[in-house]
Participant: 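Let me begin by handing over the structure; questions about it come next.
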Number of protein chains: 2
Amino acid sequence: MKSTAIKATQNAAPPPNPTPGYAVEEQVGHLLRRAHQRHTAIFQESFAELQLTPTQFAALVKIKDLGQVSQNQLGRLTAMDPATIQGVIQRLLLRGLIGRHPDPGDRRCTLLRLMPSGLALAEKGVERGRAATEATLAPLAPAERAAFLALLRKLT
Amino acid sequence: MKSTAIKATQNAAPPPNPTPGYAVEEQVGHLLRRAHQRHTAIFQESFAELQLTPTQFAALVKIKDLGQVSQNQLGRLTAMDPATIQGVIQRLLLRGLIGRHPDPGDRRCTLLRLMPSGLALAEKGVERGRAATEATLAPLAPAERAAFLALLRKLT
DNA sequence: GGTTAATCATATGTATACGAACAATCAAAT
DNA sequence: ATTTGATTGTTCGTATACATATGATTAACC
């Protein structure tokens, strides 16, 4: 009887217990996460053929722009912490898209550069990157885009 | 001689090769990622004592608000795909913060509810959640905040 | 009533994300 | 010249994020 009562009690739905003034879906963190997810999905569509993720592509373009850059510096420029950029670099090395060698001036540092295949992908990806950015911002009018990006920069 | 020349060539810094009209750090995806990283760091500070991540806290609050919810529904409400919400649920179960049982009306579904310790954490976290949201938006003036959130919603 | 399609949750694999610890190296201080 | 502190990159562990596949279950269709 008791165990039946307990089980019945256990399975009775707890009543809703709303939190006044705090809706999860209204919090800026939640909205940023969703906007980022949506952007990643859009990017994924544009880059499916090239098989590059947003962070991999960012790394490739930044190496292309600079010609040569240390791993640590690349991480700083692309907002990836040392452990994260290490993983991204590993995967790009594995695909033969980049090369690396020690910095003769500072043996702590590793210098990165593009291999021809990496250069080809970086160049091929630029237009798709632009398209992904455009598609992400498509729900905003031009004036809204400028305003949004300016405000977003203040939050970085 | 040749191998020396090759090595010298190999290590000569490739020249910069800028990408006109495409700066990685100006792309909305990059900015969203950084803004989200900053928010996560702020949240981490506020929630260090409670040992909850943003997604874990969101799940707890949403379960509290509804009383009882299926795992799939919870995932949808908190923008987490089935594999992701499964992992978050596992960790909350492991800490004894939530409980679950099959839905008698649909045995595919698992129903989730808070345990007392989960309710305590959810309630304790609300003020810190508000503080994290406030701190994240602190660089914006009040009118800017409203504008930013409205635009951000359009991108979700 | 039987078949087919859809749904739910789990499992697996890949890719970030980052804190913490470590070893090697360099800069700064003494 | 030596010591100390900082920097760089790697490793490990934990936590998302999500595509894909799977089995169990339910809904829709015939």
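If you're wondering where the values come from, they're calculated on a predicted model, not measured in any experiment. So that the names make sense, note that chain A is the first sequence line, chain B the second, and so on, each numbered from 1.
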Participant: Give a yes-or-no answer on whether the side chains of A:Q71 and A:T110 include a donor-acceptor pair shorter than 3.5 Å.
Facilitator: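 Absent: no donor and acceptor within the cut-off.
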
Participant: Would you mind reading off the distance between A:D106 atom CG and C:dA24 atom C1', rounded to a whole angstrom?
Facilitator: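 Spelled out: CG on A:D106 to C1' on C:dA24 is 11 Å.
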
Participant: Should the pair B:R145-B:E134 be classified as a salt bridge under the 4.0 Å nitrogen-to-oxygen rule?
Facilitator: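 Answer for the salt bridge query: yes.
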
Participant: Compare the minimum distances between each of C:dT16, D:dA15, D:dG9 and the side chain of B:T53, then state the nucleotide with the smallest one.
Facilitator: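 From the listed options, D:dA15 comes nearest.
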
Participant: Any side-chain N or O of A:R107 below 4.0 angstrom from OP1/OP2 of C:dC26?
Facilitator: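 Checking A:R107 against C:dC26: at least one side-chain N or O falls below 4.0 Å of OP1 or OP2.
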
Participant: Salt-bridge test for A:K124 and A:E49: reply yes if a basic N is under 4.0 Å from a carboxylate O, no otherwise.
Facilitator: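 A:E49 and A:K124: salt-bridged.
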
Participant: Answer yes when B:R153 and A:E26 have at least one side-chain N-carboxylate O distance shorter than 4.0 Å, and no when they do not.
Facilitator: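 Salt bridge flag = yes for A:E26 with B:R153.
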
Participant: Please give, in whole Å, the distance from D:dT16 C1' to B:I89 CD1?
Facilitator: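 It works out to 13 Å between those atoms.
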
Participant: How many whole angstroms separate atom CZ of B:R100 from atom P of C:dC8?
Facilitator: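 Computing the B:R100:CZ to C:dC8:P distance gives 16 Å.
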
Participant: Describe the nucleic acid contact of B:D81 in one word from base, sugar-phosphate, nothing, applying a heavy-atom distance below 4.0 Å.
Facilitator: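 It contacts base atoms.
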
Participant: Might you point out which heavy atoms bring A:E144 and A:P139 nearest each other, and give the distance in Å?
Facilitator: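 Closest approach of A:E144 to A:P139: OE1-O, 4.2 Å.
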
Participant: Shortest non-hydrogen contact from B:A59 to B:V88?
Facilitator: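 Answer, listing the atom of B:A59 first, then B:V88: CB-CG1, 4.3 Å.
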
Participant: What contact category does B:T84 fall into here, base, sugar-phosphate, or nothing, at under 4.0 angstrom with non-hydrogen atoms?
Facilitator: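 If one applies the 4.0 Å heavy-atom cut-off, B:T84 turns out to touch a base.
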
Participant: Ignoring hydrogens, what is the shortest heavy-atom contact between A:L121 and A:F57? Give both atom names and the distance.
Facilitator: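 Residues A:L121 and A:F57, closest heavy atoms: O-CE1, 4.4 Å.
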
Participant: Of the nucleotides C:dG19, C:dC8, D:dG9, which one has an atom closest to the side chain of A:C109?
Facilitator: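 Taking heavy atoms from C-beta onward, the closest nucleotide is D:dG9.
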
Participant: D:dA15 P sits how many Å from B:L93 CG, rounded?
Facilitator: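 After rounding, the gap between these two atoms is 14 Å.
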
Participant: By nearest nucleotide on DNA chain D, pick out whichever of A:Q90 and B:G87 is the more 5' one.
Facilitator: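 So the residue in question is A:Q90.
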
Participant: Would you say C:dT10 has OP1 or OP2 under 4.0 Å from some side-chain N or O of B:Q71?
Facilitator: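 Indeed, a polar side-chain atom of B:Q71 lies that close.
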
Participant: May I ask you to verify if any side-chain N or O of A:R95 is less than 4.0 angstrom from the OP1 or OP2 atom of C:dA15?
Facilitator: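 For C:dA15, neither OP1 nor OP2 has a side-chain N or O of A:R95 closer than 4.0 Å.
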
Participant: Check this one for me: any side-chain N or O of B:R76 less than 4.0 Å away from OP1 or OP2 of C:dT7?
Facilitator: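 No, outside the criterion.
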
Participant: Specify the separation, in whole Å, of atom CD of B:Q56 and atom P of C:dA17.
Facilitator: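 Those two atoms, CD and P, are 18 Å apart.
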
Participant: Report the distance from atom CG of A:D103 to atom P of D:dT7, rounded to the nearest whole Å.
Facilitator: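 These atoms are roughly 17 Å apart.
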
Participant: Specify the separation, in whole Å, of atom CG of A:L74 and atom P of C:dT16.
Facilitator: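 That distance rounds to 12 Å.
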
Participant: Which nucleotide in the list C:dT12, D:dC12, D:dA15 gets nearest to the side chain of B:A83?
Facilitator: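 For B:A83, the side-chain atoms sit closest to C:dT12.
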
Participant: Around B:E25, counting heavy atoms of other residues, nucleotides and ligands shown, do more than 12 lie under 6.0 Å from its CD?
Facilitator: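 Atom CD in B:E25 is packed in, count exceeds 12.
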
Participant: Can you list, in residue-number order, the parts of residues 29-52 of chain B that come under 4.0 Å of DNA chain C, counting heavy atoms only?
Facilitator: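 Contacts with DNA chain C under 4.0 Å: B:R33, B:Q37.
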
Participant: Taking atom C1' of D:dA24 as reference, at what distance in whole Å does atom CG of B:N72 sit?
Facilitator: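 B:N72 atom CG is separated from D:dA24 atom C1' by 15 Å.
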
Participant: By nearest atom, which of the nucleotides C:dC26, C:dA17, D:dT25 is closest to the B:R108 side chain?
Facilitator: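 The answer is D:dT25, which lies nearest to the side chain.
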
